[in-house]
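All ligand and atom numbering here is 1-based and tracks the order in the structure.
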Amino acid sequence: MPSLHVRLTSALLAIGLVWTADATGRAQAPAAPDARIKIDLDRTIGEVDARLFGNFAEHLGRMIYGGIYEEGSPLADPDGFRKDVIDVVKPLGVSVLRWPGGNFASGYNWTDGIGPKDQRPARLELAWNDLESNRFGTDEFLRYAEKIGAEPYICLNLGLGTIDDARHWVEYTNEAKHTYWADQRRKNGRDAPYNVKLWGLGNEIDGPWQLGHKSAEEYALFALETAKAMRGVDNSIKLIASGSSNYGANADWIGWNRTVLQTLRNQIDYISLHTYIGNQDNNLERFLGRSQQIEHYIDVTAGLIRQAQSGQPNPRPITIAYDEWNVWYRAHNAEKLEEVYNFEDALAMGMFFNAFFRHADVVKMANLAQMVNVIAPIMTNKQGLFLQTTYFPLMEFAKQRGNTALNVWSSGPTYTLDPPNAAQNPNPNASRRPALPYLDVSSTYDAKNKVVFVNVLNRSKDRNIAARIEPQDLHVGPSVEVWEMNHPDLKATHTFGDDKKVRPTTRTVNVTASANGFAYTFPAHSLTILRMSVK
Ligand code: AHR
């Protein structure tokens with residue numbers, strides 16, 4: 001039962017008699033809130049897995065060569081790794097690094113990328129129509145992952161590759177005994193096994209664009225045999241099945257995931273999902289409403305996992321790896337995917353994390369695609385780098401790793417998503433879509449430090465939303481730390497020498513007057529993280 005003081009304060013708040021703080025920290029007269037956000041530490045979803053803050057490095061454009069790796073550059077260390085890039089990658093807290101693709105993986109022969117660099121073959125690269133020098137290969141990748149403190153995640157070639165390629169790769173990286181491939185690793189300078197745990201059973205094999213594209217049945221059987229052979233080498237590995245990434249009108253993404261899960265349910269640990277979003281029709285609220293679709297993919301896939309496990313005497317735990325996600329719609333092959341991000345794209349980072357945190361029980365890995373230059377938060381040239389707008393929310397959300405995701409109850413103004421071009425192409429089903437709250441909310445709890453984080457994206461283009469944060473049976477304060485990203489120009493971007501415009505602001509607001517609940521106004525089109533100590 002809350003104390004008399006708390007109950008009295010709550011009552012005063014409810015009738016609007018408690019003075020509170022606004023977004024600038026100034027005292028503000030009471031007003032009826034537009035929205036309510038209830039935080040209850042007993043209503044938990046699951047652990048925010050550290051692997052949610054993964055990233056991805058594909059052999060594509062300038063991601064590897066000229067991005068993280070530039071031999072001979074004055075900015076590189078003796079291994080050829082760009083030191084200035086490492087300095088800005090580290091604060092992102094990249095927990096997992098996926099490599100070598102992506103589409104690239106489906107044509108990659110890993111044995112081309114080991115041994116003396118000058119003897120490695122140059123190959124035509126068919127996924128992105130490029131030339132692959134193979135100067136960056138398995139040992140370079142694994143050394144780089146160690147340098148930035150990330151867990152390596154290798155995506156296998158289940159497009160044009162073979163089962164032997166896959167099992168030999170595990171032997172090369174993980175075998176301690178003196179076998180042919182383990183001794184090749186030793187010859188190449190690495191005695192101790194790397195012990196790579198995360199292995200992807202192919203990339204987007206359901207996509208007709210993929211080299212070695214297969215039907216669901218063909219893929220599932222091939223992946224099953226590959227998994228068995230790899231586990232024969234090292235049974236401690238974790239396997240990620242290639243879930244569907246083809247959501248086209250004629251694609252059966254649910255059927256693909258069902259077949260893959262049914263066939264591989266005793267071998268895999270994750271099934272992957274991929275989503276890229278774009279604001280093609282310049283509609284901010286629709287763009288930031290894509291969480292509805294993302295959560296639909298998660299919910300349906302979680303149901304398919306349960307279906308595959310149903311009736312099994314001792315079902316293997318399977319979770320979701322959202323191992324490619326980002327905003328991507330402007331820069332395609334011709335531009336080598338060098339997307340320039342603006343302020344509204346930074347807001348979308350919050351939308352993705354809120355969706356992942358709300359499903360923290362089943363989404364246990366996520367990888368931003370990608371890390372440097374290619375649809376990335378970091379852009380380089382030969383002289384240096386700049387940080388894109390998306391860099392800052394990525395860095396901030398990563399601080400919530402290991403927390404417990406809370407199941408927040410919230411109410412407030414909503415909107416519905418009309419299909420694009422609704423006026424010209426009226427869709428009778430449009431109104432059947434569930435309404436979306438303007439305030440997109442997630443919350444996590446750091447039990448060790450007794451800190452609650454409330455992550456709020458205000459998706460409204462022009463409406464400030466006055467909310468009341470109502471921790472249940474909890475004392476907040478005396479102050480709340482605020483991290484906010486906001487900018488008057490939704491399209492504001494950064495470039496070389498000019499990357500300070502769109503940055504977060506931080507401040508402290510005093511909420512002592514309102515012990516168990518306080519008002520906070522979330523500005524239009526903003527992303528806010530409230531960090532509050534609780535007792
Ligand atoms: O990240 C860029 C590409 O997007 C990846 O190579 C592929 O997996 C996806 O289609």
Side-chain angles (χ1 to χ4, degrees), residues 54-68 94 96-108 110 124-130 132 136 141 153-161 198-214 219 223 240-248 251 253 256-257 260 270-278 280 290 293-294 297 320-341 345 348-349 352 365-379 388 390 394:
N55 217 304
F56 174 32
E58 178 166 9
H59 288 243
L60 198 185
R62 298 191 308 122
M63 169 56 244
I64 304 285
Y65 304 107
I68 61 174
V94 175
V96 174
L97 190 61
R98 181 173 182 252
W99 173 86
N103 296 340
F104 173 83
S106 297
Y108 181 53
W110 71 270
L124 284 178
E125 197 289 296
L126 303 182
W128 301 104
N129 194 18
D130 216 330
E132 174 55 52
F136 187 99
F141 166 65
Y153 165 8
I154 294 182
C155 184
L156 296 152
N157 177 351
L158 263 65
L160 302 184
L198 298 167
W199 295 85
L201 292 165
N203 175 71
E204 297 188 351
I205 304 291
D206 64 323
W209 58 86
Q210 202 68 210
L211 290 164
H213 159 64
K214 296 175 179 54
Y219 167 70
I240 300 103
S242 172
S244 177
S245 51
N246 188 2
Y247 305 109
W253 70 271
W256 175 280
N257 285 354
V260 165
Y270 299 87
I271 180 165
S272 70
L273 294 180
H274 292 176
T275 297
Y276 293 98
I277 65 166
Q280 286 86 347
R290 285 291 302 275
Q293 224 166 356
I294 292 160
Y297 299 149
I320 293 172
Y322 230 110
D323 61 14
E324 287 187 31
W325 66 270
N326 207 344
V327 174
W328 172 25
Y329 63 109
R330 289 159 291 218
H332 298 287
N333 287 16
E335 299 84 19
K336 296 289 180 206
L337 282 68
E338 298 208 1
E339 191 94 7
V340 177
Y341 289 115
D345 300 327
M349 301 297 106
F352 274 102
M365 180 170 19
N367 302 67
L368 179 86
Q370 303 193 10
M371 200 163 77
V372 183
N373 291 330
V374 169
I375 44 175
I378 299 162
M379 299 294 283
Q388 300 238 47
T390 51
L394 294 168

Practice problem: Using a 4.0 Å heavy-atom threshold (strictly under), name the region of N203 that reaches ligand 1: side chain, backbone, both or neither. | Solution: side chain
Practice problem: Measure the spacing between CG of D130 and CG of L60 and express it to the nearest 0.5 Å. | Solution: 8.0 Å
Practice problem: For residues Y247 and Y297, establish whether the separation of their ring centroids is below 6.0 Å. | Solution: yes
Quiz item: Is the closest side-chain donor-acceptor distance between D206 and S244 under 3.5 Å?
Solution: yes
Quiz item: Of the protein's non-hydrogen atoms, which lies at the shortest distance from atom 10 (O) of ligand 1, and what is that distance?
Solution: E204 OE1, 2.8 Å
Practice problem: Using a strict 4.0 Å cut-off to heavy atoms of F56, name the atoms of ligand 1 that fall inside it. | Solution: 1 (O)
Quiz prompt | Protein heavy-atom partner closest to atom 6 (O) of ligand 1 - residue, atom, separation in Å | solution = E58 OE1, 2.6 Å
Quiz item: Which is closest to atom 1 (O) of ligand 1 by heavy-atom distance: Y276, F104, W325?
Solution: Y276
Quiz item: With a 4.0 Å cut-off on heavy atoms, is I375 touching ligand 1?
Solution: yes
Quiz item: Q370 heavy atoms, cut-off 4.0 Å: which ligand 1 atoms fall inside?
Solution: 1 (O), 2 (C)
Quiz item: When rounded to the nearest 0.5 angstrom, what distance separates NE2 in H213 from CD in E204?
Solution: 12.0 Å
Quiz item: W209 and N103: which non-hydrogen atoms are nearest, and at how many Å?
Solution: NE1-OD1, 3.6 Å
Quiz item: With no hydrogens and no angle check, do the side chains of Y153 and D323 hold a donor and an acceptor under 3.5 Å apart?
Solution: yes
Self-check item: Atom indices of ligand 1 within 4.0 angstrom of E324 heavy atoms, with elements
Solution: 1 (O), 3 (C), 4 (O), 5 (C), 7 (C), 8 (O), 9 (C)
